[in-house]
Amino acid sequence: MITPSPADSVLDLACRMPKAELHVHIEGTLEPELAFALARRNGLTLPYADEAALKAAYDFDSLQSFLDLYYACADVLRTADDFRDLMLAYLERAAADNVLHAEIFFDPQTHTARGIPFVTVLDGLAEGLRLGCQRWGISGRLILCFLRHLSEEEGFVTLAEAEPHLERIDGFGLDSSEKGHPPSKFARLFARCQELGKPVVAHAGEEGPPAYIGEALDVLGAARIDHGVRALEDLALVDRLVRDGIPLTVCPLSNIRLCVFPSMAEHTLGKLLAAGVKVMLNSDDPAYFGGYLNDNIRAVQAAFQFDAATWYQLARNSFEASFASPADQAGWIARLDAHFAAAGSLAN
Ligand code: ADE
Ligand code: ZN
């Protein structure tokens, strides 16, 4: 009989712990199998012979090299049913990883630019969320992301399309090519988002400089920073993140696959945690980067061998950094406490 080593049991504890995912792009959950199925359903031809050929193209050397493929694959998403099925496929995998709550990005401009109506995208995703909650008890929210390689004026057009549907949109974000597109480019757009009373997040400090993190906070009023892993290059900024409790939604496998760090051992996650920054793990674009949330946990644990207390903190941060109500957060944290107590490794 094989007795699990303590290291295996900490990994098992982390994989089975309840958690939230706060940084996942729904378009980045499009697995090759579903991409080909949707292409067939919509009478389209992908520029790859088969799933293996598509997977072979997942060899990125920068954020832009990934985004080029990510936008091309999104072309198979045409109908509300396609968006619903994409959402359901993600929620099923997330629930299997013990994700209780997910705050999910969508990029409407990727679709409206191809003639897909905004409401088709939103109807499909919202229906997927409704069915996912019914089937797996997972709660989900939608965060509309503006593409920063486009203009602020184009962002305003998208916001106008979104405004009649605000009851189904839980926040606003900023994503796509970071270098050369500072948050300040979107100051007026996000001022309007703030007026609408929705929380704001922004990708910053992924490939771009730490100054973009400061801008996202000061100019856009971001409540969370997506990635933010370059913050450590500016220790005054780290102090600010700690003092103000600004969460960073860290995506380890993404950062390795996009060459932000040469290896997991060189990732800044451990140092950010040690400094007291409110970080948690996320999968970003799991279909493209080698896996979902528990795959990120396995990769991080192989590199850092965190103890149970650290995994508890990461999961607790994920709930506390969410935009869910204090009552929902408290309920999930009680389940987290029970999980660690049952394992006899309570860490708080
Ligand atoms: N859109 C999808 N994934 C992204 C990432 N990692 N950074 C910026 N924009 C994105
Ligand atoms: Zn992202």
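Ligands are counted one by one from 1 in listed order, and the atoms in each one are counted from 1 as well.
With L189 as the fixed residue, the side chain to side chain contact (heavy atoms under 4.5 Å, CB included) test singles out one of T158, L159, L220: L159. Each of H23, H25, H227, H203 was evaluated against D175; a single residue qualifies, H25, per the side-chain hydrogen bond (donor to acceptor under 3.5 Å, both in side chains) test. The side chain to side chain contact (heavy atoms under 4.5 Å, CB included) with L248 is formed by just one residue from the set V279, D226, N317; it is V279.
Around the Zn ion (ligand 2), the protein N, O or S atoms found under 2.8 Å comprise H23 NE2, H25 NE2, H203 NE2, D284 OD1.
Contact residues for ligand 1 (protein heavy atom closer than 4.0 angstrom to any ligand atom): H25, L63, F66, L67, Y70, D175, S176, H203, E206, H227, D284, D285.
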Evaluation steps, side chain to side chain contact (heavy atoms under 4.5 Å, CB included), between N255 and T268: CA-CA 10 Å; N255 295 150; T268 50; over 6 Å; no
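The CD1 atom of I26 lies 8.0 Å from the CG atom of L129; values are rounded to the nearest 0.5 Å.
By the 6.0 Å and 45° rule, R114 does not stack over the aromatic ring of Y71.
With ring centers used as reference points, F146 lies 6.0 Å or more from F186. You'll find the ring centres of Y48 and F36 outside the 6.0 Å limit.
Under a cut-off of 6.0 angstrom, the local environment of NZ in K179 is sparse, with at most 12 non-hydrogen atoms contributed by other residues, nucleotides or ligands.
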